[in-house]
Amino acid sequence: HATSMAETILRAVSQQTTSTSVKILAVDVYGSSETATTWNVAMGVKAAVDGGATVLNLSLGGTTDSSILSSITQQAIQKGVVVFAAAGNQPVDSPTYPAAIPGVNAVTALGAPGQLAPYANYGNFVDMALPGSSVVYLGNQAYVVQGTSPATAYASGIAAGYKGVNCDTWPQIQAMMQQKFTVPAK
């Protein structure tokens, strides 16, 4: 999952500019487990911010709010870090976290242009919609990954790439993205 999200982020960055200083700082919140706890995600956010990240891609989520994750994410946002998080893949309108934390850019997925993907979460916590499919390569084999995770990776890469070549502020970039990548009605 992480490798395909990194490849998607870099592809989105390259669509914004051919020359960039954008780098990916990988932070493992899963370890050897198939799931991550909100504590591990919170510590991952902290580690990324402490490591100098200015854009966070959280292509993950769950249904439980966490005061610790919310607090650490809010601290990152207050430091000027832009946070993108996946809205979820359950086609429901209930909040997913960390996407529903105030100040986080919650990203859902488009299937066809202008249409929510059939698996994509929606609701008033969602801020933008981007393509929910990405083609990634391992060896000489192409694989398609789908979900709000690649949509979030695209959003993170577009923001980072755009910031790398423009003098716009993060609030200006977020507003532009919310206008350009509007969430279609369900």
Side-chain angles (χ1 to χ4, degrees), residues 1-37 40-41 44-45 47-49 51-62 81-91 96-99 104-122 126-165 173-174 176-178 180-184:
H1 189 262
T3 303
S4 58
M5 294 308 104
E7 187 172 333
T8 303
I9 290 168
L10 292 173
R11 185 175 315 109
V13 167
S14 71
Q15 292 171 355
Q16 302 302 305
T17 179
T18 55
S19 174
T20 183
S21 61
V22 173
K23 296 177 186 173
I24 291 180
L25 171 63
V27 177
D28 182 6
V29 299
Y30 287 91
S32 60
S33 178
E34 290 184 19
T35 60
T37 65
N40 289 348
V41 175
V45 168
V49 172
T54 57
V55 177
L56 297 183
N57 178 76
L58 299 173
S59 287
L60 49 75
V81 175
V82 179
V83 182
F84 294 91
N89 301 319
Q90 301 297 320
T96 301
Y97 297 91
V104 170
N105 295 284
V107 183
T108 195
L110 297 173
Q115 296 179 8
L116 282 176
Y119 54 79
N121 286 15
Y122 54 94
V126 178
D127 298 302
M128 60 188 73
L130 282 92
S133 296
S134 178
V135 177
V136 296
Y137 296 90
L138 180 60
N140 293 326
Q141 184 69 40
Y143 297 90
V144 176
V145 291
Q146 286 189 314
T148 58
S149 286
T152 304
Y154 279 127
S156 301
I158 288 168
Y162 189 85
K163 179 67 171 172
V165 295
I173 293 169
Q174 290 173 97
M176 175 273 300
M177 289 181 68
Q178 288 176 5
K180 183 174 181 178
F181 304 114
T182 58
V183 180

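Among residues two or more places apart in sequence or in another chain, the side chain to side chain donor-acceptor pair (under 3.5 Å) test is passed with S4 by none. Looking at residues two or more places apart in sequence or on another chain, you find no side-chain contact (heavy atoms from CB on, under 4.5 Å) involving T182.
In this structure the side chain of T54 never reaches within 4.5 angstrom of the side chain of V81, judged on heavy atoms.
Atoms CG and NZ, on L130 and K180 in that order, are 9.0 Å from each other to the nearest 0.5 Å. In this structure, the separation between CZ on F84 and CD1 on I9 is 10.5 Å, given to the nearest 0.5 Å.
Taking both residues in full, the closest heavy atoms of Y122 and L116 are given as CB-CD1, 3.8 Å, listed atom of the first, atom of the second, then distance. The minimum heavy-atom distance linking I24 with A6 is given by the pair CD1-O, 3.6 Å. Closest heavy-atom contact between A48 and L25: O-CD2, 3.7 Å. In plain terms, the two heavy atoms of A120 and A109 that are nearest each other are CB-O, 3.5 Å. Between P98 and G61, the closest heavy-atom pair is CD-CA, 4.1 Å.
The side chain to side chain donor-acceptor pair (under 3.5 Å) pairs that include a residue from residues 108-121 are T96-N121, where partners are two or more places apart or lie in different chains. Within the structure, salt bridge (Lys or Arg N to Asp or Glu O under 4.0 Å) contacts touching residues 8-28 (residues at least two apart or in different chains) are E7-R11. Sorted by first and then second residue, the salt bridge (Lys or Arg N to Asp or Glu O under 4.0 Å) pairs involving residues 128-140 (not counting sequence neighbours) form an empty list.
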- Would you check, one step at a time, whether the test side chain to side chain contact (heavy atoms under 4.5 Å, CB included) holds for V29 with L60? CA-CA 10 Å; V29 299; L60 49 75; 4.0 Å; yes
- Take V104 and L56 through the test side chain to side chain contact (heavy atoms under 4.5 Å, CB included) and record every step on the way to the result. CA-CA 10 Å; V104 170; L56 297 183; over 6 Å; no
- Task: Mind running side chain to side chain contact (heavy atoms under 4.5 Å, CB included) on Q174 and N105 for me, showing each step along the way?
- Result: CA-CA 8 Å; Q174 290 173 97; N105 295 284; 2.7 Å; yes
- Item | Pair M177-D127, side chain to side chain contact (heavy atoms under 4.5 Å, CB included): steps then yes or no | CA-CA 9 Å; M177 289 181 68; D127 298 302; over 6 Å; no
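More than 12 heavy atoms of other residues, nucleotides or ligands sit less than 6.0 Å from atom CD of Q178.
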Output a table of donor-acceptor pairs, distance under 3.5 Å, between side-chain atoms of residues 148-164 and any protein atom two or more places apart or on a different chain; print 'none' if there are none.
unit_1 : atom_1 : unit_2 : atom_2 : d
T148   : OG1    : G88    : N      : 3.1
T148   : OG1    : N89    : OD1    : 3.2
S149   : OG     : H1     : NE2    : 3.1
S149   : OG     : S59    : O      : 3.2
T152   : OG1    : A86    : N      : 3.4
T152   : OG1    : T148   : O      : 2.7
Y154   : OH     : S133   : O      : 3.2
S156   : OG     : N57    : OD1    : 2.9
S156   : OG     : T152   : O      : 3.0
Y162   : OH     : D168   : OD2    : 3.1
K163   : NZ     : D168   : O      : 2.7

